[in-house]
Amino acid sequence: MRPSSWLPAVLGAALVAATPTPTIQKRWPTAFASVADGGFSLNGSKFSFIGTNAYWLPYLNSDEDIVNTLTNMSAAGIKVVRTWAFNDVTSVPTAGSWLQLIQNGTTTINDGPNGLQRLDRLVELAEQHGIYVLLSLTNNWNPVATPSSTPARRDDTASSATPLPRNFLSNDYGGMDAYVREFGTSKTHDEFYTDPTIRTFFEKYVQAVVSRFANNPFVFAWELANDPRCNSTIPTSPTCTTQTITQWHADLSKFIRSIDPNHLVSSGDHGFLCPTCTKLFPLTPKAAPSAAAGGASTRRRSRAAVMTKARLIKKIAEDRRAAPRAADAPTVKIRGAWKAPAKAKRQENGGPGSAFDGSSGVDSQDILNAPDIGFGSFQLLPDQNNYDTNPNDAIVPPSANFGATVQQGINWIQTQAASAQAVGKPLVLTAFGLVTQANEVVFVPFNASTPVNPGAGVSTRKRQTPGELGTGVTDDQRDDAYTAWLNAGIQAGLQGMTQYQWSSVGLTPSDGTFVQSPNAQQQTAGGGTLPQSPNDGYGTLGQAQNAEQGVLQDASQNITSFLLQ
Ligand SMILES: *[C@@H]1O[C@H](CO)[C@@H](O)[C@H](O)[C@H]1NC(C)=O
Ligand SMILES: *[C@@H]1O[C@H](CO)[C@@H](O)[C@H](O)[C@H]1NC(C)=O
Ligand SMILES: *[C@@H]1O[C@H](CO)[C@@H](O)[C@H](O)[C@H]1NC(C)=O
Ligand SMILES: *[C@@H]1O[C@H](CO)[C@@H](O)[C@H](O)[C@H]1NC(C)=O
Ligand SMILES: *[C@@H]1O[C@H](CO)[C@@H](O)[C@H](O)[C@H]1NC(C)=O
Ligand SMILES: *[C@@H]1O[C@H](CO)[C@@H](O)[C@H](O)[C@H]1NC(C)=O
């Protein structure tokens, strides 16, 4: 077991008690985030949270920068920070941190000062700020820079020929495809989930990280992966289905719970649903909390009815019929003008749309019902995914159809809440964000390695016509959308919502990190000349950041008072 500063507090509390042994046993599990009454319990109290994403936070070289960042997060009411507990490299960088080397047919885990000790430090500093850390163990997305920019991986020095420094992007920390490139036989993305060699190497990594923090209650939970799916940058095989992905979750969550029974395990998936897919873990009537079973009477939950397969199909049909009206009658007051929704083609006989048809290989309800998955996860990033039920998946920039974008987000949140309620487990929105006008030029979608360059024919961005400028939303629109979504989530009974993404400014330039002059300055928007944290399209600084943090702070108060009602 690792020494940790929380230990004396817990033991100290136990030692003053009259009967130390039973007290330790009773108190011990309550220090960790756990599930009670359909919500979270943490340190003996009910717990719901507003959080943020900062995948880069452990990989700052300066502890002072981490402290300043956590201080600002805490001031904005942030209780949980979601970050990457992986940082794979294919050759050892000359400077900066890395956690695992994947090379020559094997892996080497770095537990040195520029390795796992950086994670130790983050968790320690987070504890000092009363913030919990949600640790993700790998990433679905890891596109390497195009062959024309050499070296293929990003460099760790400012003189890199590649446009962004190493670790600047969320998808530049290695991940599933890094394992597949090294160990795969057919080199398809889904080998990550099925190939025995790859699974052994991934489990070795998971074992090293998970066992390190098994006794630390300031790790909020383990997240298996960011956005796991069948498809990624490298193609998947035709045999990859929702059952492939669900089985992997069931196996890996069981593995983690065998090493670390203290922490909850979640997926990190995008929340795609598939009411018509074959289930590995079918819902049983007793899994759905009813008033009779005490579910609804002990906790105020989603107002939406419990989502059965039949109800979900019905809701999809209803949403589709309502879609053209959505922008005309938004449920919240929204600043700024928006155009009436582009005439969405109604497809009476089409499929349910990519968020509901299993085409990504994700059936989040089946994943959530796996026995060792403790709570649900989903994301809301309308610049990159469609959440409507229109099978045409009309690609419309959020700014051109703002009211509909907000309403679709609300629908998505309510549908997710109902789905999780049917399973009877808590639910967290692990990432939500909109690309603003200020961020258009720096926006890098998860499946890309360079910013979308309007006019350059990059077609990886969903909902934006390539080359079209002025498609981001205004800062005010972003704040309105976030307010509407946060409110909808709180009302629907979500247990956590983490904004994407946090920004820090005035960081210490250091070789081997993303905080480099001039790269960090050139690649971030929103003003300021001081070195900034990575911004892949959702960061804010200056006045915009103050306004955004105000929204998060309000929501943090609201979610806490909702919890105590
Ligand atoms: C991989 O092979 C190269 C070339 O032989 C060698 O320099 C390097 O140290 C090896 N790496 C590992 C982790 O064995
Ligand atoms: C639990 O509460 C005690 C007393 O307030 C505190 O010292 C400790 O840090 C808390 N632990 C966690 C995991 O929040
Ligand atoms: C990701 O981008 C690559 C090209 O870089 C493309 O071949 C692949 O289909 C894309 N994957 C998804 C899921 O969009
Ligand atoms: C996902 O992969 C399948 C199988 O290779 C392919 O048919 C499909 O077009 C891919 N979807 C996306 C969004 O890339
Ligand atoms: C924290 O917030 C203050 C006040 O807005 C700001 O001056 C400072 O640069 C911020 N620190 C970081 C690391 O972002
Ligand atoms: C917080 O609650 C107030 C009062 O109900 C509401 O006006 C506001 O929009 C809420 N803000 C957020 C971000 O949830």
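Quick caveat: nothing in here was measured; it's all calculated off a predicted structure. We count residues from 1, following the sequence as given. Counting starts at 1 for both ligands and their atoms, following the listed order.
- Scanning the protein heavy atoms around atom 13 (C) of ligand 6, the nearest turns out to be V551 O, 3.5 Å.
- The atoms of ligand 1 that sit less than 4.0 Å from any heavy atom of N104 are 1 (C), 2 (O), 3 (C), 8 (C), 10 (C), 11 (N), 12 (C), 14 (O).
- Here F47 and Y132 bring their ring centres to under 6.0 angstrom of each other.
- Each of the following atoms of ligand 6 lies closer than 4.0 Å to a heavy atom of T483: 9 (O).
- When hydrogens are left out, the protein atom nearest atom 9 (O) of ligand 6 is N487 ND2, 3.0 Å; that is the closest non-hydrogen contact.
- Atom 5 (O) of ligand 6 is not flagged as protein-proximal [any protein heavy atom, distance under 4.0 Å].
- No side-chain donor-acceptor contact under 3.5 Å links N68 and N72.
- A salt bridge between R212 and D120 is present, with a side-chain N of the basic residue lying under 4.0 Å from a carboxylate O of the acidic one.
- Of the protein's non-hydrogen atoms, N558 ND2, 1.4 Å is the one closest to atom 1 (C) of ligand 6.
- Close approach of ligand 1 to Q103 (heavy-atom distance below 4.0 Å) involves ligand atoms 1 (C), 8 (C), 10 (C), 11 (N), 12 (C), 13 (C).
- The distance from ligand 2 to the heavy atoms of A31 drops below 4.0 Å at these ligand atoms: 13 (C).
- F202 and Y179 have their aromatic ring centers within a separation under 6.0 angstrom.
- Ring-plane geometry between Y173 and Y55 is classed as perpendicular, the angle between the planes exceeding 60 degrees on a 0 to 90 degree scale with a lower cut at 30.
- A salt bridge links D63 to R118: at least one charged side-chain nitrogen sits closer than 4.0 Å to a carboxylate oxygen.
- Residue contacts with ligand 2 for F32 are absent, since no atom lies close enough (heavy atoms, distance under 4.0 Å).
- Classified by interplanar angle (parallel below 30°, tilted 30° to 60°, perpendicular above 60°), the ring pair Y482/F432 is perpendicular.
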